[in-house]
Amino acid sequence: MASHGVARTTGPRTEERRKQDLQKIDKYRALEDGIREEVSNKTYSPKTFQLTTKLLELNPEYYTIWNARRRCLTSGLLSRPSASSSRSRGLSSGSPTNTSSTSYADALSSSSAATTPLDPAPRTTGRSGTTADEAAEDKKYSNEKENLEKDVGFLKEELVWTARLLKGFPKCYWIWNYRLWLLGEATKRFPVPTSRRIWENELALVSQMLTKDNRNFHAWGYRRFVVGALEREELGGKSMAESEFEYTTKMIHWSLSNFSAWHNRSKLIPRLLGERGADDKKRQKFLDAELDLVREALNVGPEDQSLWYYHQFLILNLINDVKQATIVPNITVEQKSEYVQREIDDIKDFLEDYDDIKWIYEALLEYTLALAKLESREATTSEKEDLKTWLTKLRELDPMRKGRWDDVEKEYGLN
Amino acid sequence: MMTEQLPDEMELATAAHVKYIQSLDTKKDEYDYWLTEHLRLNGLYWGLTGLHLMGHEDALPRPETVDFVLSCQHENGGFGAAPGHDAHMLYTVSAVQILVMVDALDELETRGPGKAKVGQFISSLQNPSTGIFAGDEWGEEDTRFLYGALNALSLLGMTSLVNIDKAVEYVVACGNFDGGYGVRPGAESHAGQILTCVTSLAIAGRLDLVDIDKLGRWLSERQLPCGGLNGRPEKREDVCYSWWVLASIEIIGRTHWIDKEKLVHFILECQDTESGGLSDRPNNMVDVWHTCFGIAGLSLLNYPGLAPVDPVYFRYALPVPTMTQMGLDIFAVSETPVKPGPRVEYVFLRCINSPVSSEWKE
């Protein structure tokens, strides 16, 4: 119903095509009817599960069928953890009224108490005295172990199957959602090392997806979620800010226009510096390196918006216009002015090679105004002359945003 | 708007589009009709909105529309995409929007489990600790659902059922340095998500939290030389962003920062003037989603002959009597730019309502 990038076809369908369609519809609807019948009887059996596989391979957007599949898993295909097991916490009830407690994040944190039982369930040794009791305990234990292995195998198969589906439908929300739900189930049910390995494989998968489409925002969002999970203590994790920062460097070097990577970098930096315990000197050095990186990139591709946005992020961060933790919290206003002035000078140098790139003039305009504001003064006469020249260039190079240039002119008295 | 300068093929082919929307439910011999059943209620909403904006609100029969909507409702108050589909926020919001549009909200009481149940379904999906909303019992959280919830609850007059302050806090946490908003805290700015966040803040009466100049700049940079808008930097244009970007920039009063005529031209280029409907880009396959958002964009751009549309609720502006009946203020498209400050309040004095897309792919 929402077609993107599909060429328009003209003329009516051929009779042959119509017949093909009717055949497909029959097959599809028969499958759908089959599932609906099972679901209306609340039969979440292996047979129902198989039917959902078939239907979802034809149409992975059918969210109700994903829900039926989840119910198959929680209604018997996965073992029902015993009441004593720490793994039983937080199972989806399937009741709509309980919604708010079953978010993915909650699913993960609700397992926090279940730290690393390598055994499927802790054995209550020493409590029971009789041999018969011990035999029963042993049997229960071995059953649980067997169930656990079965469950792990089952969930892994589910992950392999949905990964295959994702390759055909990389932007289907419901597949990504279902995977996250599977991961939540794994975290609730399995010992930490097992869950962790599953989450680690997920990171590998998402990297692979991002190699195919480096701007897929589902994949980037999913990546942040997976990393967030892997960092959690209950999964035996620690901060991955360094390795994720390196990942953005890699993605940026691969394609400078990848704003998704630059964005992620901007989010990682405050944490990264905090975790490094960077002192003021190190922080300044870091800022210098980032400015060098983006300036060099701009020198090659000054028409690239992504680079200018990142440059803007650094400058805004510097002059303390961002609410998040800043890169260099302790530098003086004089130092800030020096930084901004140096950037303005360097950007002016770009004009020697490129005099028809609007971004250059926009940056000069913005940073010059920011500098005056930073120094709590009006723009100087010579600055005003520059501003007027740049504004004239902007009107010439970017007439589509004329209304904006009018507003700037009025606001700063540049007429 | 210099429409008289547009060549013939550059006019809105209203008759063709009306016919196209009317034909949508007659395509049961096409495989795609069945593959898209999970969007049926949204599709009805998109189609009806397009028809209302084009002044053909009677082109789909009202009784069947109401019957179909009610046939999608579950006992818990929520609605699915079609009969037999599970209840979800996306369809519940569409259901409420449709019933309001055809003035049939009362039928929830007389023929369904009641308005209160609908409100309860929606409010039960708020995460009390973070303020965000889930789509359904399985827990996917997204600012699309937060916006949908506030939109529908406000149409139902039931916003007191949820914690608005917490919801606002969550939206603010989704903000980025570029003035935009992402799907979750930490996520990249995206025009679709910006609309859900800005409209949510508008409904909550907290547009003062938006960095209007920064966001206005970012949004205005979405316009490409072809006149069309993209959803993120360095991406391609797409007609549906004529809604996400345009409605957002309209709400913050910066529509004059883009070239409206070029955008009108681009949207009109995406029409199939013979068979009706609009597509994402010129000469691509049409669908009801792009048809609706293209027409809504044209309405925001004051294209002649179209009814005005409310950028916050994504609904056509109701005729005066109905609005008065509902006790809501009337919306008139403002030609003059809205400056930040007290005047931006105009958007949420009106009845509040929204698009709730089911997805964006760019």
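Here is how names work: the chains are called A, B, and so on, in the same order as the sequence lines, proteins then strands, and each is numbered from 1.
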Q.
If you count heavy-atom pairs within less than 4.5 Å of chain B, which of A:Pro399, A:Ser260, A:Ala68, A:Gly221 leads?
A. A:Ser260
Q) Which residue out of A:Tyr62, A:Phe259, A:Tyr63 racks up the most heavy-atom pairs below 4.5 Å with chain B? A) A:Tyr63
(Q) Can you confirm if the aromatic rings of A:Tyr310 and A:Phe313 lie within a centre distance of less than 6.0 Å? (A) yes
Q: Mind ranking B:Arg217, B:Arg184, B:Glu274 by heavy-atom pairs under 4.5 Å with chain A and telling me who comes out on top?
A: B:Arg217
Q.
Taking every non-hydrogen pair under 4.5 Å, which of B:Tyr33, B:Phe133, B:Trp218 racks up the most with chain A?
A. B:Trp218
Q. Which bit of A:Glu32 comes within less than 4.5 Å of chain B, counting heavy atoms only: side chain, backbone, both or neither?
A. side chain
Q: Grab the two heavy atoms, one from B:Ala191 and one from B:Tyr241, that are nearest each other, plus how far apart they are.
A: CB-CD2, 3.8 Å
Q.
For chain A, which candidate among B:Val183, B:Asp178, B:Ile258, B:Asp272 shows the most heavy-atom pairs at distances under 4.5 Å?
A. B:Asp272
Q. Where on B:Cys292 is there a heavy atom nearer than 4.5 Å to chain A: the side chain, the backbone, both, or neither?
A. neither
Q. Given that the side chain runs from C-beta out, which part of A:Leu58 has a heavy atom under 4.5 Å from chain B: side chain, backbone, both or neither?
A. both
**Q.** B:His74/B:Phe79 aromatic ring centres below 6.0 Å
**A.** no
Q: Output the option from A:Val6, A:Asn59, A:Asp406 having the highest count of non-hydrogen pairs under 4.5 Å with chain B.
A: A:Val6
Q: Against chain B, label A:Arg224 side chain, backbone, both or neither, depending on which of its atoms sit under 4.5 Å from a heavy atom there.
A: side chain
(Q) Using a 4.5 angstrom heavy-atom cutoff, name the option from B:Gln120, B:His85, B:Lys262 with the most pairs to chain A. (A) B:His85
Q: Considering non-hydrogen atoms only, spot the tightest contact between B:Val239 and B:His290 and give its length.
A: CG1-O, 3.6 Å
(Q) Taking the side chain as everything from C-beta on, heavy atoms only, tell me whether B:Gln193 gets closer than 4.5 Å to B:Asp142. (A) yes
Q. If you count heavy-atom pairs under 4.5 Å between each of B:Lys28, B:His88, B:Glu30 and chain A, which one has the most?
A. B:Glu30
Q: Could you check if a side-chain atom of B:Glu221 sits within less than 4.5 angstrom of a side-chain atom of A:Arg404, using non-hydrogen atoms only?
A: yes
Q: Counting only heavy atoms closer than 4.5 Å, note whether A:Arg13 contacts chain B via side chain, backbone, both or neither.
A: side chain
Q.
Heavy-atom cut-off 4.5 Å, strictly under: side chain, backbone, both or neither for A:Glu362 against chain B?
A. side chain
(Q) Show the nearest heavy-atom pair for residues A:Trp262 and A:Ile252, with the distance to one decimal. (A) CZ2-CG2, 3.3 Å
Q: Heavy-atom pairs under 4.5 Å with chain B are the metric here; pick the option from A:Gln305, A:Gln312, A:Gln20, A:Gln23 that has the most.
A: A:Gln305
Q: Could you tell me whether A:Trp174 and A:Tyr178 have their ring centroids closer than 6.0 angstrom?
A: no
Q) Under 4.0 Å between a Lys/Arg side-chain N and an Asp/Glu carboxylate O for A:Arg71 and B:Glu137? A) yes
Q | Note: A:Glu290-A:Arg265 ion pair, threshold 4.0 Å (strictly below) | A | yes
Q) Tell me, side chain or backbone of A:Trp308 under 4.5 Å from chain B's heavy atoms, or both, or neither? A) neither
Q) So what's closer than 4.5 Å to chain B heavy atoms on A:Asp304: side chain, backbone, both or neither? A) both
**Q.** Centroid-centroid distance, A:Trp176 to A:Trp66, less than 6.0 Å
**A.** no
Q. Is it the backbone or the side chain of A:Tyr309 that comes under 4.5 Å from a heavy atom of chain B, or both, or neither?
A. both
Q. What part of A:Lys358 is in contact with chain B, defined as an atom under 4.5 angstrom from a non-hydrogen atom: side chain, backbone, both or neither?
A. side chain
Q: Carefully, step by step, assess A:Arg223 and A:Glu244 under the rule salt bridge (Lys or Arg N to Asp or Glu O under 4.0 Å).
A: CA-CA 10 Å; A:Arg223 182 178 188 95; A:Glu244 282 304 286; 2.8 Å; yes
(Q) Let's test your reading of the structure: which of B:Leu24, B:Thr130, B:Asp29 forms the most heavy-atom pairs below 4.5 Å with chain A? (A) B:Asp29
